[in-house]
Each structure stands twice: as structure tokens, then as C-alpha cells.
Number of protein chains: 2
Amino acid sequence: MATIKDVAKQAGVSVATVSRVLNDNGYVHGNTRKLVIEAIQQLSYKPNEVARSLFKKKSRLIGLLLPDIRNPFFPELARGIEDEIQEQGYQLIIGNIDEKYPKEMDYIQTFQQNNVTGIITATNLTGRSHYDDLSSPVVFLDRTFNDHPSVFADGIEGGRMAASELVKRGSKRITILKGPAQLQTAQDRFNGAIAWLRAEKVDFSVIETSSFSFSDAEMWAKELFEKYPDTDGILASNDVVAAAVLHEALRLGKAIPEDLQLIGFDDIPLSRLLFPPLSTIRQPAYDMGKEAAKLLIRLINKETHFEKNIRMPVMFIERQTTRKVEENG
Amino acid sequence: MATIKDVAKQAGVSVATVSRVLNDNGYVHGNTRKLVIEAIQQLSYKPNEVARSLFKKKSRLIGLLLPDIRNPFFPELARGIEDEIQEQGYQLIIGNIDEKYPKEMDYIQTFQQNNVTGIITATNLTGRSHYDDLSSPVVFLDRTFNDHPSVFADGIEGGRMAASELVKRGSKRITILKGPAQLQTAQDRFNGAIAWLRAEKVDFSVIETSSFSFSDAEMWAKELFEKYPDTDGILASNDVVAAAVLHEALRLGKAIPEDLQLIGFDDIPLSRLLFPPLSTIRQPAYDMGKEAAKLLIRLINKETHFEKNIRMPVMFIERQTTRKVEENG
DNA sequence: ACCTTCCATGTAACCGATTACACAATTAAT
DNA sequence: ATTAATTGTGTAATCGGTTACATGGAAGGT
């Protein structure tokens, strides 16, 4: 790889001049600039980002912290982020945390050692302020944390929407699968739903759950149909859980959506591939990623006067686990 | 952030000595070492990886090139890689290529500018040798390319296995969805299947396809059942395509697996969530990621005498789109 | 006692960029 | 014409590490 010195020699100028044309600052004579550009092309020179980063104390790297990229919601976020930052010349370093505090600390540490210029975190460990004394800006994605900048979907509205769509389509005895207690986003959905159901005086029951894993969800699905065999509308804590409920319902011979309606949450790619295709409350994951990236870049550029906490709209996606409004009970 | 100079001053030694204890090389007196270690802890000093990388011309970063992280097969690979390299203190930079050559070139460029110490690529652009003159080692994952180091699943055996399982369970008129022509892995599966079917003189037909996308697959599924309405065993080019076929078959009222058996390929997380859960040929994606990472690290460390082209075994995962062997034909 | 070898440590060059500062040449202003 | 401001370029310090080399003292061999 050619260095800035090689370019300088080739163009017959000093490295400072080369650097000036590279960064387009300071004074450079037109002819000199041409010579330098030619030299750069001839040597197909690309500046060494590491050297830059060392001097500037800022790289073009952005760190992304996720619970687990295998969870189908996160690739969407990651891709949204990447598409946005890539245009600005940034790169993504990812770290899977598995809800483990030491891993999170480790990654934050390493990110800093690598001079990352910003961090986006979608992890769920709360109550610790390990994000407070970082030199680089941090954006919280799919969660909020104190008054830190954040991008999140409107879970309360989502819960309300799910409940009302179910009732509007004729369900009378709703069962809600309450998501993990430590996840604010899951609680928002739950609270949004029960607030609406109470206000509307609709009968409902609750099954407590503690994870989003499919195999756990299979158990809760069984529990659900044992405890509340005559429920006719289920609000799952997310789409993976909804898939498990759907399985169990079909296994029990329930007609969906005729006997039983079901709404998930997230709209992961899987949801439309289920049978019947799952009605769900969509979080715009890809766009949330994009927004988080935009927000982060604004923070990096020290812009002012922009919204630092972005609530993204959710949307009811009507598929075939809910009935048509016309045919409601 | 404290620097090595701060540590040196605090411990009353030179930076060289600090560096020696950090890297555990050269001579350092026991007492001096203790002083340095204390200073490091007091200042909670962490070496700046950027400075290291600049001098060594090698970072602790590994580049990963993928078609699209949203495709459910790739998060598994990525996670396998990450778990392996993370133990060795490496970080992952990811790039989504979308099968676009300029994007691939861009990322390779940027990786080099960042001194990545190795690259793992799971992209599908062939016929160009843009990997030939890189200074860092490259591992091809889920594909092979000339004699470059690679990790891949045994597609030929997978195709053979899928065909034979279908026939063993009673299917007589097989239809094969032939995957995209430019993907070697897809062709291997196809060739493995038809070779076996021909040898066994089993009747089969072929539907040509050109992508792995679900919406395209919905069309091919329709085409399939129009052209070959009496097929009783389908071999899909992967699990996403299988999901589309499953939808169409259920829509047409086929009894699965009684009237029609179906086998996918990959075993993505979705597959067990389909209804009925999909029988498939499993590629050990997570382990393939791990193996690729191990292989890359061996190359980085310039080890010798190890296998540079690793063929991973595939496995038939029996779920409910195939019949039991006992109840066959 | 003298020479060699091993230890222990420090000084300074180096990695490849950016930029403060110095200086010369040109242009503008009075 | 003289001074001031602008333009163009180079030298060298700097970022934070690693390591080649130099140096000096202690230990070992004859």
C-alpha cells in the first residue's frame, strides 16, 4: 500500500501539501493540486484510516451492541443502521451481548480502545450507568435510558392498537401474554393494552412470561389453553411467542381466525411465512435503525436543535390470524 | 483515557518498560513489573488499539462480508464467527454487499484502510479475482473460490440425502426447485439430488428459479402446482422457498405430509416454526461460522499443516412435512 | 582479576497520517 | 513605494503505542 510519503515524492511536494488536497483545506495552488491528484491516482493511494484515527482521536467506526443478532428483529435494525452510516463513510462493529453485563462492559471497553466515534446500543441491561462517562455519543435503540438520546417504537400505542383491533374484530375474552418484566418495551405494550381494555371494560386474563424464546413460549401456550380454554383473542408479547401460540392452537384444532384471533408484535420476516400468516403490530425496525444512525451522526457532528428522543409509529398489519372488520361478532 | 506515558510516569519507569510488561516480552525485573501493574490498575489504563495497529500494521479487526444480514441464514454464521474470534480478542466489522460488485470492492478497500487482520467472505460474486492481491488472509464461507481457504457444507451429499429421504418415505414423482444458477452451493444440492434420482431411476421434474426471495418463490410455487399437480414430493432449494411452497400447498388443500412431502434446505430458525414444522437438510451454520473463524485465525497466526478447505456435514432434520419411514408408500 | 554472558532499563526511531508554525512570494491597500 | 494581507508550501511536532539499539550492572567462567 502506498503511503502519503510516496504520493508526496511522486508529485514532488511535501506530505503537508498532499494532506491539504486530501482534506481539502488550507491553500493549495491549482497546478499543485492537479499534480497531487495525478500521483494519487497513479499509485491508487488510499489514506490509512488507522493513522488518521490515531491523530484525530476519532475513527470512522461505529459500535453496535445487540442482545443477539440471531434474534430476527435485530438484523433489520443492523441493516438500517448500516445503510445509513455507510453513505457517510462509517463502518459498523457489532457486539452480541446476550444480556450479560461483563460482555457489555468488555465491548464498550474495546470500542473505546478502537476510538469508535459513536455507539448504538439495543441491549437491555438497565440500572447501571456504564454509559455515562463515555467520550463518544451513545444512542439507545429500541429502548430508552434516562435522558439519553434514543429511538424507540411506541409500545403503549402498539398495545392499545392490538387490543382494540382484536375487540373491533369481535373477540370478547382476551388473553394477554405479558412479556419479560425487565424489558421496558414489553411492559409498554402490556400497559397500553390493559389500559385500553380496562377503559373499555373488556374481559381479559394475563399469562406471565419471562423470555422471548420459542421453546419457553411453547410451554406458556400450553398453559394458556389449559387455564383459559375459551379465550377467543390472544395478544402475544411478540411474533416468536405468537408463532408458538399458533402452533399450539392448530394442534388443538382451533379454527383461526374463526374461533380464535391472534395478534403478535414486531412483524419480523417470519410472520408472513407462518400459516395462517400472522396479523401483528409492526415496528418499523429497519427505519428505526436508520433513524438511530441519523441521530448518532448528528450527535457526532455536534449539530444542535434536533429531537433527541424519537418515538416511531407502529402499525397494525392485517393478515390472516384476525377476522375482517365486516365479519365481526 | 490514560496513555502509556501516564503509566510510565506513575510507575517511575520508561514507556519501553511498560510496553514490555504489557506484551510480556523482553526482560523486566519482578519488582518493576509489580510497580507497572499497580500503575496500570490505578489509572485503569487500557492500551490504545489504534496506536498498536498503526505500528504493527495489523489490527484486531476482522472483516465479514455478507450478502444481507437480514437473510436468516447469515446471522447464524455471523454469530458463530463472533463467538470464536471474541475469545481471541478480535472484533467483527460487517459489510452487506447485496450481490453488488462495487459495494464489495468498497468494503474490501475500507477493510484494508482499517488494517483488518483477516477477512471472511460469504458473498456470491464469482469470476473476479479481487481477492487475490490482498495482504490479509481471506476465508470463503458457504462458498469456494479456486484454491482459497474455505468452509462450506456438503451440498452434493445434502441433495442426495434430501432425494433419498423423500423416496424412502414413499414419494414417487419428485419435483425439484433448482436454485439460482450462479450459486455454486445451490447447484451442488441440485446436482446431488438429480444424480441420485437418476441412478435410482426415480421420476422427477425440475422448476427453474433465480433467487431465494419469498415473493419470487410464491410464483414458482404456483407454477409448480400448475405444471405438476400430481407431484408427491418436493425438494425446495432452501427453507424460505419451502415456506412459500408450503403456503401454496396448504392453500390448495393438499394434506401434508400425507399427499405431499416437502424437504427444505438450511434449517433456519424459521423452519421449526412453520406449520407443519418443516423437514429439512440442516447446514450447521453456526458451526460453519466457528470453523471459518478458526481457520482464519490459523492463517493469521501463520500456522502450518492444517486443512484449508473444510467440508461440513449436513444432516436430515425430520419434522412434519415428511412421513415416518414405517408408514411409507 | 578479566572477559563474557545475561539482566534490566532507557533513548529514540518508527508506523502514517494531520496540523501548528515558519517563511517566501504574491497581491492589495494606503 | 511601503506596509499589510493573502496565498502557497515545507518542516517538524504530534497522536500512542512497539522495538532496535545502547548502556550499565550483576553473575559466571577460567
Side-chain angles (χ1 to χ4, degrees), chain A residues 1-37 39-40 43-61 89 109-117 135-136, chain B residues 1-37 39-40 43-61 89 109-117 135-136:
Chain A
M1 294 267 279
T3 72
I4 198 171
K5 273 187 198 162
D6 302 327
V7 176
K9 190 178 293 175
Q10 172 95 355
V13 299
S14 75
V15 294
T17 301
V18 177
S19 179
R20 284 187 197 105
V21 345
L22 282 175
N23 297 288
D24 204 26
N25 59 21
Y27 294 108
V28 179
H29 191 89
N31 294 336
T32 319
R33 165 169 278 116
K34 232 178 60 189
L35 284 172
V36 171
I37 291 175
I40 287 175
L43 301 172
S44 60
Y45 163 78
K46 302 283 170 192
N48 180 324
E49 279 298 329
V50 178
R52 274 190 170 167
S53 166
L54 178 59
F55 186 86
K56 296 279 206 71
K57 296 178 196 284
K58 263 191 186 195
S59 69
R60 309 236 89 198
L61 300 172
Q109 185 64 257
T110 327
F111 285 173
Q112 289 205 285
Q113 290 177 258
N114 283 284
N115 277 174
V116 298
T117 191
S135 50
S136 38
Chain B
M1 292 268 280
T3 73
I4 198 171
K5 272 185 198 162
D6 302 326
V7 176
K9 190 179 293 175
Q10 172 94 356
V13 299
S14 75
V15 293
T17 302
V18 177
S19 180
R20 281 185 199 108
V21 346
L22 281 175
N23 297 287
D24 205 26
N25 60 20
Y27 294 108
V28 179
H29 191 88
N31 294 336
T32 318
R33 165 169 277 117
K34 230 177 62 190
L35 284 172
V36 171
I37 290 175
I40 288 176
L43 301 173
S44 61
Y45 163 77
K46 302 283 170 192
N48 180 325
E49 278 300 329
V50 178
R52 273 189 172 167
S53 166
L54 178 59
F55 185 87
K56 297 279 209 72
K57 296 176 197 279
K58 263 190 186 196
S59 69
R60 308 238 91 198
L61 299 172
Q109 185 65 257
T110 326
F111 285 173
Q112 289 204 285
Q113 288 178 259
N114 283 285
N115 277 174
V116 298
T117 190
S135 50
S136 38

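Predicted, not measured: the structure shown is a model, and the values here were computed from it. Throughout, protein chains are lettered first and strands after them, A, B, ... in sequence-line order, and every chain is numbered starting at 1.
At whole-Å resolution of the value, CZ in A:Arg60 and P in C:dG16 are 21 Å apart. The NZ-C1' distance, from B:Lys9 to D:dG17, rounds to 17 Å in whole Å. Per the geometry, NZ belonging to B:Lys5 stands 13 Å off C1' belonging to C:dT11, to the nearest Å. Between the P atom of D:dT11 and the CD1 atom of A:Ile4 lies a distance of 14 Å, rounded to the nearest Å. Atom CZ in B:Phe55 sits roughly 13 Å away from atom P in D:dG17 (whole-Å rounding). To the nearest angstrom, C1' of D:dG17 lies 13 Å from CD1 of B:Ile40. To the nearest angstrom, C1' of D:dC15 lies 10 Å from CG of A:Asn115. A straight line from CG of A:Asn25 to C1' of C:dA20 spans 13 Å, rounded to a whole angstrom.
B:Val21 has its side chain out of reach of B:Thr32: every pair of non-hydrogen atoms, C-beta onward, lies at least 4.5 Å apart. With a 4.5 Å cut-off on side-chain heavy atoms, A:Leu61 and B:Leu61 count as touching.
Under 4.0 angstrom from either OP1 or OP2 of C:dG16 there lies at least one side-chain N or O belonging to B:Lys57. The side chain of A:Tyr27 contributes an N or O atom lying less than 4.0 Å from OP1 or OP2 of D:dT7. For the OP1/OP2 pair of D:dC15 and a distance below 4.0 Å, the side-chain nitrogens and oxygens of A:Ser53 include no atom meeting the criterion. Phosphate proximity of D:dG17 to B:Tyr45: present, with a side-chain N or O under 4.0 Å from OP1 or OP2.
Across all strands shown, B:Val50 has no heavy atoms under 4.0 Å from either base or sugar-phosphate atoms.
Side-chain N or O atoms of B:Ser59 include one that pairs as donor or acceptor with a backbone N or O of B:Asn115 at under 3.5 Å. For A:Gln113 (side chain) and B:Pro47 (main-chain N/O), a donor-acceptor pair under 3.5 Å exists by modelled atom type.
The stretch residues 14-24 of chain A touches DNA chain D through A:Ser14, A:Ala16, A:Thr17, A:Arg20, each having a heavy atom under 4.0 angstrom from the strand.
Nearest nucleotide to the A:Leu54 side chain, out of C:dA8, C:dG16, D:dT18: C:dG16. Closest to the side chain of B:His29, out of C:dT18, C:dA17, C:dA8, is C:dA8.
With rounding to the nearest 0.5 angstrom, the CZ atom of A:Arg60 is 10.5 Å from the CG atom of B:Asn114.
Taking both residues in full, the closest heavy atoms of A:Ala8 and A:Ser14 are given as CB-C, 3.8 Å, listed atom of the first, atom of the second, then distance.
There is a side-chain donor-acceptor pair under 3.5 Å between B:Asn23 and B:Ser19.
Nearer to the 5' terminus of DNA chain C, by closest-nucleotide assignment, is the contact made by B:Gly26 (compared with the other of B:Gly26 and A:Lys56).
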